[in-house]
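Everything on this sheet refers to the single structure shown next.
Order of the sequence lines sets the chain letters (A, B, ...), proteins ahead of strands, with each chain counted from 1.
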Amino acid sequence: MLKVTLRDNSVREVPAETRITDILNELGGRLKKEALAAVVNGVLVDLNYQLTEDADLRFVTFADDEGEDVYRHSSSHILAAAVKRLYKDVKLGIGPAIKDGFYYDFDYANSFGPDDLERIEAEMLKIIKEDLPFERFELAREEAVNYFSDLGEDYKVELIRELPAEAVISCYRCGDFVDLCAGPHLPSTGKVKAIKLLNLAGAYWRGSEKNPMLQRIYGTSFPKKSLLEEYLKRVEEAKKRDHRKLGRELDLFSIQDEGPGFPFLHPNGMIIRNELENYWREEHQKAGYQEIKTPIILNRALWEQSGHWDHYKDNMYFTKIDDLDYAVKPMNCPGAMLIYKTKMRSYRDLPIRLGELGLVHRHELSGTLHGMMRVRSFTQDDAHIFMLPSQIKEEVKKVIALTEKMYQTFGFDYHLELSTRPENSMGSDEMWEEATNILREVLEERGMPYVVNEGDGAFYGPKIDFHLTDSIGRTWQCGTVQLDFQMPSKFGLTYVGEDGQKHTPSALHRVIYGSLERFMAVLIEHFAGAFPLWMAPRQVVVLPISEKHHAYALSVVERLQQAGVRVEADLRNEKVGYKIREAQLQKVPYMLVVGDKEMAERQVSVRERSAGDLGSQNLEAFVAKVQEEIAAKVR
RNA sequence: GCUGGUGUGGCGCAGCGGUAGCGCAAUUGAUUCGUAAUCAAUAGGUCAGGGGUUCAAAUCCCCUCACCAGCUCCA
């Protein structure tokens with residue numbers, strides 16, 4: 001007999017080779033209905049799994065991350081089975097569960113269109129109705145290779161060949177469909193209650209553009225129809241926050257055919273941008289930074305010296321001046337290096353923190369452009385910190401602290417990534433190792449969780465990145481701290497040490513917003529266009545009830561303008577309801593309704609965009625309140 | 001850059017072989033009104049650009065450009 005310990009610590013005795021489903025049947029209840037898979041001694045397995053030793057047993061439902069994964073993974077097999085039934089000569093790529101759904105990659109000579117998706121979805125519903133069991137079986141390596149080569153599944157064969165020698169090669173059968181798969185899976189296709197194919201896209205085999213492009217079909221599935229509907233609704237809602245849509249509606253910016261990837265900032269957008277810059281200058285001054293500005297175009301020799309010519313050429317724009325080669329800067333670092341070099345520096349001067357709101361241009365591939373999130377010209381809130389090697393750690397910490405402080409002002413959620421040495425990079429392994437270790441130590445000392453992004457560092461050094469999330473959950477790199485042991489020596493930067501000798505300083509490149517354009521985009525989506533008072537393009541709008549209140553309305557505007565508030569009166573010949581609706585759609589934080597009553601007592605009737613009507617108050621009291629809220633940057 | 005899709009007045013959409021409509025916005029007039037849309041009239045489009053098929057093209061075909069989703073790449 002085997003001892004099985006359940007989650008509630010109760011222990012059951014069962015004969016060896018008992019299937020988990022049998023235990024589940026005995027337990028009955030809701031769990032019997034909802035269990036999708038199980039965790040046996042820490043390993044995720046099918047419900048069909050047979051116990052061979054004493055076990056800690058935990059059931060997994062859709063509410064668990066593992067359960068959701070199994071559910072979506074099985075859904076992707078249903079997708080592949082349907083495609084195999086409907087189309088001849090399709091080769092299978094991979095089909096994993098992903099956040100909010102699943103996909104499967106196919107190699108097929110003809111291309112799938114939207115009509116195909118409908119056909120495939122219909123076939124999937126059939127397969128679900130057939131309630132086919134998922135059956136696991138294992139093959140020896142050679143058998144597996146033969147099996148899948150006979151089927152013509154070249155990609156699967158490639159995968160099998162690369163599995164480690166000791167790996168168990170498992171397959172799952174679902175009706176006539178067999179797939180190489182580690183599992184586990186749902187007991188049968190009937191468990192899937194709601195499924196929908198979402199879209200179609202190309203994807204390179206194994207993520208490399210050197211490989212053939214497969215056709216990827218995305219979908220999602222849920223154990224209840226209502227959950228699927230909720231999900232689709234959520235996606236719809238999220239689309240309303242899209243910065244490209246809000247950018248147009250709130251008249252913040254535009255991108256036009258005349259300059260793909262080169263955004264135009266409209267007056268409203270410029271207000272937000274300026275507020276961001278003001279706040280940035282304020283904080284950087286407090287943190288001991290000095291501000292510089294370096295040219296946008298610099299000559300070829302400089303870019304050769306910096307290594308950009310060798311390592312970054314494909315992303316750069318070039319021009320000729322008097323027959324000499326020049327490049328438009330893709331980064332601000334060389335400029336900062338040149339300013340450092342303009343005079344002798346003493347160890348007593350270090351650290352020197354040179355900040356620059358620098359406009360850079362990069363030739364990004366056309367397919368990657370995305371509103372203001374991904375553009376070809378953007379302003380980095382850059383800074384280069386030159387310091388003694390002994391100051392590195394402290395400076396990295398300070399940068400991280402400043403980043404966290406500023407992000408907190410906006411209330412962002414973010415995650416951190418540590419990026420290590422890429423291919424095609426400069427410097428020795430020891431240098432990279434040392435630099436990477438310093439960054440890692442800072443993260444660990446601060447107890448900040450992070451993921452390692454292997455091989456994703458800059459060509460001159462490793463980096464810590466701050467990633468922010470957009471309205472539909474995609475993440476975008478914004479802040480970054482990059483350690484650089486290369487540029488200072490390439491540019492011959494020195495400082496005079498205590499010993500009277502020249503030494504090479506260490507350098508840190510860092511941005512906090514990342515790019516003002518991207519940061520603004522994230523900001524728009526984060527607040528769904530309802531910016532905190534301090535950033536709002538129009539902070540207050542005054543709404544007179546009829547023409548006889550216009551003069552008073554204008555006097556209210558004047559008073560607020562004096563107080564430094566961005567305010568306008570809506571004098572159009574419309575009802576208050578109409579003006580309110582308009583101001584509400586424009587997400588103006590405060591609306592002041594003024595009529596006979598307010599005019600008589602120098603009051604304003606305050607309406608806040610989310611709280612609604614707040615009643616009347618003295619104009620002076622309102623002015624004071626608004627000033628306070630702006631100064632405190634209340635979210 | 002690659003794969004698939006889309007491109008019709010400022011915005012959101014309909015029309016999908018017989019030469020363009022709707023709603024909102026805009027303009028003008030009337031209305032002078034108390035917390036998310038007052039009524040009426042008017043104006044606005046070489047249907048992304050170029051080429052082709054046809055008696056006839058917004059509609060079918062080809063090329064280019066831009067955008068959207070994803071892949072690759074990045075702040």
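If you check distances only, the side chain of A:Arg374 does reach the base of B:rC73 with a donor-acceptor pair under 3.5 Å. Judged by distance alone with a 3.5 Å cut-off, no donor-acceptor contact links the side chain of A:Gln215 to the base of B:rU3.
Residue contacts shown for A:Val593 include a base, since a base heavy atom lies under 4.0 Å away. Here A:Gly577 lies in heavy-atom contact (under 4.0 Å) with sugar-phosphate atoms only. Using a 4.0 Å heavy-atom cutoff across all strands shown, A:Ser366 reaches at least one base atom of the nucleic acid. Residue contacts shown for A:Met591 are absent, as no nucleic acid heavy atom lies under 4.0 Å away. Within 4.0 Å of A:Asn315, counting heavy atoms only, lies no atom of the nucleic acid at all. Within the nucleic acid shown, A:Arg510 has no heavy atom closer than 4.0 Å to any nucleic acid atom. At a threshold of 4.0 angstrom between heavy atoms, the contacts of A:Val360 with the nucleic acid are absent. Contact annotation for A:Leu585: base contact, defined as any heavy-atom pair under 4.0 Å involving a base atom. Among the protein residues, A:Lys597 comes within range of the nucleic acid bases, having at least one heavy atom under 4.0 Å from a base atom.
Here B:rC11 presents its C1' atom at 14 Å from NE2 of A:His266, a figure rounded to the nearest Å. The CD atom of A:Gln256 sits 18 Å away from the P atom of B:rA48 (whole-angstrom rounding). Computed from coordinates, the A:Phe412 CZ to B:rA75 P distance equals 18 Å when rounded to whole Å. Taking atom CD of residue A:Glu608 and atom P of nucleotide B:rA36, one finds them 14 Å apart after rounding to whole Å. When rounded to the nearest whole Å, the span between OH of A:Tyr578 and C1' of B:rC39 equals 13 Å. When rounded to the nearest whole Å, the span between CG of A:Leu200 and P of B:rC2 equals 18 Å. The nearest whole Å value for the distance from the CD atom in A:Glu582 to the C1' atom in B:rU35 is 15 Å. Rounded to an integer number of Å, the gap from A:Leu365 CG to B:rC65 P is 14 Å.
Nearest nucleotide to the side chain of A:Pro260, out of B:rA75, B:rA66, B:rG34: B:rA66. Checking B:rC33, B:rC11, B:rU72 against every side-chain atom of A:Arg248, the shortest atom distance belongs to B:rC11. Side-chain proximity of A:Arg216 to the nucleotides B:rG70, B:rC33, B:rG34 is greatest for B:rG70. Side-chain proximity of A:Phe378 to the nucleotides B:rG1, B:rG5, B:rA75 is greatest for B:rA75. With B:rU32, B:rU35, B:rA75 as the candidates, the nucleotide lying closest to the side chain of A:Asp613 is B:rU35. Of the candidates B:rU35, B:rU38, B:rA26, the closest approach to any side-chain atom of A:Lys575 belongs to B:rU38. Closest to the A:Ile545 side chain, of the nucleotides B:rC33, B:rG1, B:rA75, is B:rC33. Side-chain proximity of A:Arg518 to B:rU72, B:rC33, B:rC74: nearest is B:rC74. When distances are taken from the side chain of A:Ser515 to each of B:rC68, B:rG1, B:rA75, the shortest belongs to B:rA75. Comparing atom distances between the A:Glu364 side chain and each of B:rG34, B:rU32, B:rA75 picks out B:rA75 as nearest.
Counting only N and O atoms by type, the side chains of A:Thr409 and A:Tyr279 include a donor and acceptor under 3.5 Å apart. A donor-acceptor contact closer than 3.5 angstrom links the side chains of A:Thr379 and A:Arg273. A side-chain donor from one of A:Asp116 and A:Tyr87 sits under 3.5 Å from a side-chain acceptor of the other.
Partner assigned to B:rG17 is none, using Watson-Crick or G-U wobble distances below 3.5 angstrom. Across all strands shown, B:rU32 has no partner, as no Watson-Crick or G-U wobble contact with both distances under 3.5 Å is found. Across all strands shown, B:rA25 has no partner, as no Watson-Crick or G-U wobble contact with both distances under 3.5 Å is found.
Regarding contacts with the backbone of B:rA36, a side-chain N or O of A:Arg607 is found under 4.0 angstrom from either OP1 or OP2. Remark: A:Gln477 is in phosphate contact with B:rA75, judged by side-chain N or O atoms under 4.0 Å from OP1 or OP2. For B:rG70, the OP1/OP2 oxygens have a side-chain nitrogen or oxygen of A:Arg474 closer than 4.0 Å. In terms of phosphate contacts, A:His370 brings no side-chain nitrogen or oxygen within less than 4.0 Å of OP1 or OP2 of B:rC74. Taking 4.0 angstrom as the limit, A:Lys210 places none of its side-chain polar atoms (N or O) nearer than this to OP1 or OP2 of B:rC2. Distances shorter than 4.0 Å separate none of the side-chain N or O atoms of A:Arg581 from OP1 or OP2 on B:rU38. Proximity of A:Arg244 to the phosphate of B:rC68: a side-chain N or O atom is located under 4.0 Å from OP1 or OP2. Proximity of A:Thr368 to the phosphate of B:rC73: no side-chain N or O atom is located under 4.0 Å from OP1 or OP2.
Ion pair A:Glu236/A:Lys233 not flagged as a salt bridge, since none of the NZ, NE, NH1 or NH2 atoms sits closer than 4.0 Å to an Asp/Glu carboxylate oxygen. Between A:Glu417 and A:Lys463 there is no salt bridge, since none of the side-chain N atoms of the basic residue sits less than 4.0 Å from a carboxylate O of the acidic one.
The aromatic ring of A:Tyr218 does not sit over the base of B:rG70; the criterion of centres under 5.5 Å apart with planes under 30° is not met.
A:Arg362 forms no cation-pi arrangement with A:Tyr317, by the criterion of a distance under 6.0 Å to the ring centre and an angle within 45° of the ring axis. Geometrically, A:Arg72 does not engage A:Phe102 in a cation-pi contact defined by less than 6.0 Å to the ring centre and at most 45° from the axis.
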Item to check | From CA spacing to verdict: salt bridge (charged side-chain N to carboxylate O under 4.0 Å, His left out), A:Arg206, A:Glu162 | outcome: CA-CA 13 Å; A:Arg206 313 193 96 180; A:Glu162 289 179 22; 2.7 Å; yes
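Only the C1' atoms considered, B:rU8 is 12 Å distant from B:rC16, to the nearest whole Å. Here, B:rG21 and B:rG1 have their P atoms 39 Å apart, quoted to the whole Å. Annotation: B:rA48 and B:rA58 have their C1' atoms spaced 12 Å apart (nearest Å). Distance check on atom C1': B:rG9 versus B:rG44 gives 6 Å, rounded to whole Å.
Map A:Tyr204 and A:Asp242 each onto its nearest nucleotide of RNA chain B; the residue landing nearer the 5' end is A:Tyr204. Mapping A:Glu598 and A:Gly207 onto RNA chain B by nearest heavy atom places A:Glu598 closer to the 5' end of the strand.
Separation of the A:Phe410 and A:Phe519 ring centroids falls under the 6.0 Å cut-off.
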